[in-house]
A.B. asks: 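The following block contains the structure, expressed as structure tokens.
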Number of protein chains: 2
Amino acid sequence: MSFFTLRLAEGGVELLDQRLLPREERYLLLKTGEEIARAIEEMAVRGAPAIGIAAAMGVAVELARTRDENLAEALARVCARLRATRPTAVNLTWALGCVQGELRGMLDAGAAPDEVREAARALAQRLHDEDVAVCRAIGDAGAPLVPEGSQVLTHCNAGALATAGYGTALGVVRSAAREHRVRRVLASETRPFLQGSRLTAWELTRDQIPVTLITDSMAGALMRRGEVDLVVVGADRIAANGDVANKIGTYSLAVLARAHDIPFYVAAPLSTVDLATPHGGEIPIEERAPEEVLTFGGRPIAPEGVGALNPAFDVTPADLVTAIVTEGGVVRPPLGPGLARLISR
Amino acid sequence: MSFFTLRLAEGGVELLDQRLLPREERYLLLKTGEEIARAIEEMAVRGAPAIGIAAAMGVAVELARTRDENLAEALARVCARLRATRPTAVNLTWALGCVQGELRGMLDAGAAPDEVREAARALAQRLHDEDVAVCRAIGDAGAPLVPEGSQVLTHCNAGALATAGYGTALGVVRSAAREHRVRRVLASETRPFLQGSRLTAWELTRDQIPVTLITDSMAGALMRRGEVDLVVVGADRIAANGDVANKIGTYSLAVLARAHDIPFYVAAPLSTVDLATPHGGEIPIEERAPEEVLTFGGRPIAPEGVGALNPAFDVTPADLVTAIVTEGGVVRPPLGPGLARLISR
């Protein structure tokens, strides 16, 4: 791949600033946990798996700059700060849980400060590398679901840019495209942040996978015209019963897919499944600033004084999901038991 | 009302340039049929009823500047030019048909040139004034469909700005709001041209009717959360069987409304009904330039070389429409016979 989403570098975390794409490819070098927390909040990096990894890297860089005697306190503080950045994606909580648990254990066991710092770095690197492997496994598991010559509709960006590389939904697309099954990807632009037009179109073009942009509002009409063979999206959190929180607009696509008898697939690592959340109604949905809807590139597009809603995610009930594609294989309904079985392995 | 959409003025047609709203309220003075044709093509004026009236005014201003001996030729030419501007809205064809038929008849009967010019002007003015009256009748007929305290979802702009005044879908909203039945209007922004955020939000704010913007992708999630009591939209053409062509995204909203048992109303003048088009599959759907999707305010939002689809309209089949609100009353299914009955009156 000709770009990377994020990596541990000397002196910090290097991270492609996704706010500037596709206009400009600029890498940020973030040197503190706070800088990484802000990059997550402001969506310089986004996508459930990617923000989990960014957070783990944030812990590593923060501990690297902390005095020996403050390590335990810094660990607790930076984890709390990073955890508070965005509420919906469970990967953030999951990754921070792994890292904090492991490092806290080492500190409690009296490990040497540099040993803890090294472990933090190694853990973040491992999460990164495992994520790429997981995405490839998701892609390969999902590729057979894509019939020859398919037009694949996807929403938002569940691609290399949302993960450590390869992508989840776009991992399925990449693996299917390698087998020449993809006629084209229909990328919905995904207002208000335009992850579809800015990110999905960019990374698929980079990989020479045919992509055509549509506005979010066109999906239904294209389905009715027979121009969508399947829908595949990512997930920010999957509840124990298989309900899926994902980018706002996903639920509408699932309803439309069902109305047109089109398969609706969710591609996500098992770390996205939150067994502690029984159903989608319990998933916290982030409400972002109305300005994202009311302005464009800093310029107002609505009259002054008008309000806007801006829920960043919605919940698709399990019964609208044809299957969930994970690194452990394809889970078909009933999704809850299927996911539980895979996770318990 | 503190603004007007278009009017016949001394020396031309005055028309609010809707491309500049809400940033700037600038009125254009268009002096030729060609200038008006371009204003329609470039969407300085848009909305099915409004472009019909603009076209009729275009004929009047063109004949006013034409020499006596060329009147018949100019009439045929300007009508053909105006008819070719946009294919989907039948009001354009309808208004031009009225005007051309009447004036052609006068010319054939040997009417004096100034008499024909005066008639063109009077016809355009009559279409304008009748449209306002028709919109008020639509609004008053539809108001009882809006329960007390309703949250009303609308798409695009079927408002005063899409008509000679008052609006069709927003006519229903205005009449219902006068009776204090509207808790708020949820306006979907309507990509790519943003008629929702730029126009609907603007004109409702002007009229002090509470309006909240959403992206097009939020509609399903809001319906699921119980935040939409009814949907009301306009129409660009209604086929004889009740299939409705309207702004792209309308069909998705109709499917979503059905899935949530929410009434889906279409508000339109009877001049929008095209008995010569048996069903929606026969309605020509305008495909506009991909640049409208790929750029924003002239700035690219997608990587170079990426294509986009840009159908400006879609077709909602009659069986998803709860009722059509016309100036002759509310038509319930079966829509085809109901519409035919009203028109034959």
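Keep in mind that this is a model prediction, so the values were computed, not measured. Just so it is clear, the values below take in all heavy atoms, side chains as well, and ignore hydrogens, waters and symmetry mates.
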A.B. asks: With only heavy atoms counted, which part of A:Arg258 is less than 4.5 Å from chain B, the side chain, the backbone, both or neither?
C.D. replies: neither

A.B. asks: Given A:Thr215, which of B:Asn310, B:Thr215, B:Val293 fulfils the side chain to side chain contact (heavy atoms under 4.5 Å, CB included) condition?
C.D. replies: B:Val293

A.B. asks: Using modelled atom types and a 3.5 Å cut-off, is there a donor and acceptor pairing between side-chain atoms of B:Arg224 and backbone atoms of A:Val315?
C.D. replies: yes

A.B. asks: Is A:Ala259 in contact with chain B via its backbone, its side chain, both, or neither, using a 4.5 Å heavy-atom distance?
C.D. replies: side chain

A.B. asks: As a quick check of understanding, evaluate side-chain contact (heavy atoms from CB on, under 4.5 Å) for B:Arg23 and A:Arg299, giving each step before the final call.
C.D. replies: CA-CA 10 Å; B:Arg23 213 159 12 102; A:Arg299 208 173 75 176; 4.2 Å; yes

A.B. asks: Using a cut-off of under 4.5 Å on heavy-atom pairs, state which of B:Pro317, B:Pro303, B:Gly307, B:Ala219 scores highest against chain A.
C.D. replies: B:Pro303

A.B. asks: Looking only at atom types and distance, does a side-chain atom of A:Ser252 sit under 3.5 Å from a main-chain N or O of B:Gly220, one as donor and one as acceptor?
C.D. replies: yes

A.B. asks: Name the member of A:Ile214, A:Asp216, A:Leu256 that forms the most heavy-atom pairs with chain B at distances under 4.5 Å.
C.D. replies: A:Leu256

A.B. asks: Between A:Leu222 and chain B, which part of the residue has a heavy atom less than 4.5 Å away: side chain, backbone, both or neither?
C.D. replies: side chain

A.B. asks: Once you measure the plane-to-plane angle for A:Phe296 and B:Phe296, does it fall in the parallel (<30°), tilted (30-60°) or perpendicular (>60°) bin?
C.D. replies: parallel

A.B. asks: Please report the interatomic distance OH(A:Tyr251) to CZ(B:Arg225), rounded to the nearest 0.5 Å.
C.D. replies: 12.0 Å

A.B. asks: Please step through side-chain contact (heavy atoms from CB on, under 4.5 Å) for the pair B:Leu309 and A:Leu186, ending with a clear verdict.
C.D. replies: CA-CA 9 Å; B:Leu309 303 181; A:Leu186 293 163; 4.2 Å; yes

A.B. asks: Would one find more than 12 heavy atoms of other residues, nucleotides or ligands at under 6.0 Å from atom CZ of B:Arg26?
C.D. replies: no

A.B. asks: Do you know which two heavy atoms are closest between A:Ser217 and B:Arg191, and how far apart they sit?
C.D. replies: OG-O, 3.9 Å

A.B. asks: If you count heavy-atom pairs under 4.5 Å between each of B:Gly196, B:Pro311, B:Pro192 and chain A, which one has the most?
C.D. replies: B:Pro311

A.B. asks: Of the listed residues (A:Gly305, A:Pro22, A:Ala201, A:Pro290), which shares the most heavy-atom pairs with chain B below a 4.5 Å separation?
C.D. replies: A:Pro22

A.B. asks: Under 4.5 Å heavy-atom distance to chain B, tell me which part of A:Arg184 shows up: side chain, backbone, both or neither.
C.D. replies: side chain

A.B. asks: Sort out for me which of A:Thr316, A:Thr205, A:Asp314, A:Ile301 touches chain B most, counting heavy-atom pairs under 4.5 Å.
C.D. replies: A:Ile301

A.B. asks: Within residues 239-250 of chain B, which positions have a heavy-atom distance to chain A below 4.5 Å?
C.D. replies: B:Ile248, B:Gly249

A.B. asks: What's the shortest heavy-atom distance between B:Leu213 and A:Leu294, and which atoms?
C.D. replies: CD1-CD2, 3.7 Å

A.B. asks: Pick whichever of A:Val306, A:Val255, A:Thr190 has the most heavy-atom pairs under 4.5 Å with chain B.
C.D. replies: A:Val306

A.B. asks: Chain A heavy atoms under 4.5 Å from B:Leu21: which part of the residue, side chain, backbone, both or neither?
C.D. replies: neither

A.B. asks: How about A:Glu304: does its CD atom have over 12 heavy atoms from other parts shown lying under 6.0 Å from it?
C.D. replies: no

